[in-house]
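Each chain gets a letter, A, B and so on, in the order its sequence line appears, and its residues count up from 1.
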There are 2 protein chains.
Amino acid sequence: MDESGELSIGDVVAATGLGVHALRFFEREGLFPREIARTAGGRRVYTRADVEWLLLCNRFRASGMPLATLRAFVDLVRAGPGNEPERLALLREHESAVRARIAELDACLEIIQHKVATYESHVQAGTAASLWNP
Amino acid sequence: MDESGELSIGDVVAATGLGVHALRFFEREGLFPREIARTAGGRRVYTRADVEWLLLCNRFRASGMPLATLRAFVDLVRAGPGNEPERLALLREHESAVRARIAELDACLEIIQHKVATYESHVQAGTAASLWNP
DNA sequence: GCTTGACCTAGAGTCGGCTCTAGTTCCTAC
DNA sequence: GTAGGAACTAGAGCCGACTCTAGGTCAAGC
């Protein structure tokens, strides 16, 4: 790393938590909105904007967005200005997918809590032996 | 299906949403707390308790529990009465994993919403062209 | 000029969780 | 007794998303 904002792959690994393999994989898969520059010796030179992008990607990924969807978004960005409504639609779709997932998890959580409560009271009462042994 | 509560694999597919392949796979992997009986001709005979179990499994799975964890739980059940505290611990652990996942998704959702809001206002203002084109 | 360590490529391997294939058998109805 | 569908087995294949391997190259320090 230097003061000019140019970052090596190692810097980006440290900044994003992604591995070197993952970063190279992302590049091969066209998951960067811009081309990653190279040094004369062929090494990747990232910028802070790339790191910003990767951090956003991390959020998208952590919220269950598949790489294919990420790629679709990147493709829109790479296509340049003019398709913002499409990007917005994609984001909204993901937003509602995440909401749905949270709702599903909430529903599951309720069942699990019920199961936990059942085990708790039976274990406390010493009657646990009857669970799953009807 | 008959009135005795004995179910064919097809019945179980209909009742649980799992596929025949998945059911056989589950059995091979030891994911049933009891052995599945067979007819004289070698066909699987399930009971309503098996279906109950599978529906619970579906919830566990939908909440992100890996098969390995499910297997650990099944192993405890198969080991018979006496280890209920361990089962409870496993369930509690999963419960907190689910809570953590929900919290993570909530955090991501916030970022996504922010992104959506940004795009919304820019698209409305007709200034979208500047997004991702600094 | 040589070591060291970070970096490069293309491509193979891994892992979880199914899903499908191929070939066979069972069973119900005509 | 045969057609048809549902079921059986063992094992291969697939998908997503990396992760690792093999065999180099590059660049800084001694």
Enumerate the protein-to-nucleotides 28-30 of chain C contacts in which both atoms are nitrogen or oxygen and the separation is below 3.5 Å.
none

Measure the distance from CD on A/Glu29 to P on D/dG16 and round it to the nearest whole Å.
10 Å

Which atom of A/Asn58 lies closest to which atom of A/Thr16, heavy atoms considered:
ND2-O, 3.0 Å

Could you tell me the separation between the CZ atom of B/Phe60 and the C1' atom of C/dG17, rounded to a whole number of Å?
18 Å

Please report the distance, rounded to the nearest Å, between CZ in B/Phe26 and C1' in C/dT19.
13 Å

Check nucleotides 8-13 of chain D for protein N or O atoms closer than 3.5 Å to its own N or O atoms and list the pairs.
| residue | atom | partner | partner atom | Å |
| --- | --- | --- | --- | --- |
| D/dC8 | OP1 | B/Arg44 | N | 2.7 |
| D/dC8 | OP1 | B/Arg44 | NH1 | 3.0 |
| D/dC8 | OP2 | B/Arg24 | NH1 | 2.8 |
| D/dC8 | OP2 | B/Arg44 | NH1 | 3.2 |
| D/dC8 | O5' | B/Arg44 | NH1 | 3.4 |
| D/dT9 | OP1 | B/Arg38 | NH1 | 3.0 |
| D/dT9 | OP1 | B/Arg38 | NH2 | 3.1 |
| D/dT9 | OP2 | B/Arg44 | NH1 | 3.0 |
| D/dT9 | OP2 | B/Arg44 | NH2 | 2.7 |

Electrostatic pair A/Arg38:A/Glu27 at N-O distance under 4.0 angstrom
yes

Can you tell me how far the CD atom of A/Glu110 sits from the OG atom of B/Ser63, to the nearest 0.5 Å?
13.0 Å

Rounded to the nearest Å, what distance is computed from the CD1 atom of residue A/Ile36 to the P atom of nucleotide C/dT9?
12 Å

Charged N-O contact under 4.0 Å between B/Lys115 and A/Glu95
no

Taking B/Glu104 first and then B/Arg99, would you say they form a salt bridge - that is, a charged N and a carboxylate O separated by under 4.0 Å?
no

Residues from residues 63-71 of chain A sitting under 4.0 Å of DNA chain D, heavy atoms only?
A/Pro66, A/Leu67

Value rounded to 0.5 Å, distance of CZ in B/Phe60 from CG in B/Leu90:
8.0 Å

Any side-chain donor-acceptor pair under 3.5 Å between A/His94 and A/Thr69?
no

In whole angstrom, what separates A/Leu7's CG from C/dA6's P?
17 Å

Give a yes or no on whether a salt bridge exists between B/Glu6 and B/Arg44, defined as a side-chain N under 4.0 angstrom from a carboxylate O.
no

Which one, C/dC18, D/dC18, D/dA27, comes nearest to the side chain of A/Thr39?
D/dA27

Counting only side-chain nitrogens and oxygens, does A/Ser8 get under 4.0 Å of the OP1 or OP2 atom of C/dC7?
yes

Considering only NZ, NE, NH1 and NH2 on the basic side and carboxylate oxygens on the acidic side, decide whether A/Glu52 and A/Arg48 come within less than 4.0 Å.
no

What's the CZ-P distance between A/Phe25 and D/dC15, to the nearest Å?
14 Å

Rounded to the nearest 0.5 Å, how far does CD1 of B/Ile102 lie from CG of A/Asp106?
4.5 Å

Please check if A/Ile9 and A/Val45 belong to a single hydrophobic cluster, counting links between Ile, Leu, Val, Met, Phe, Trp and Tyr side chain heavy atoms closer than 4.5 Å.
no

Atom-pair distance (CG on A/Leu23; P on D/dT19), nearest Å
11 Å

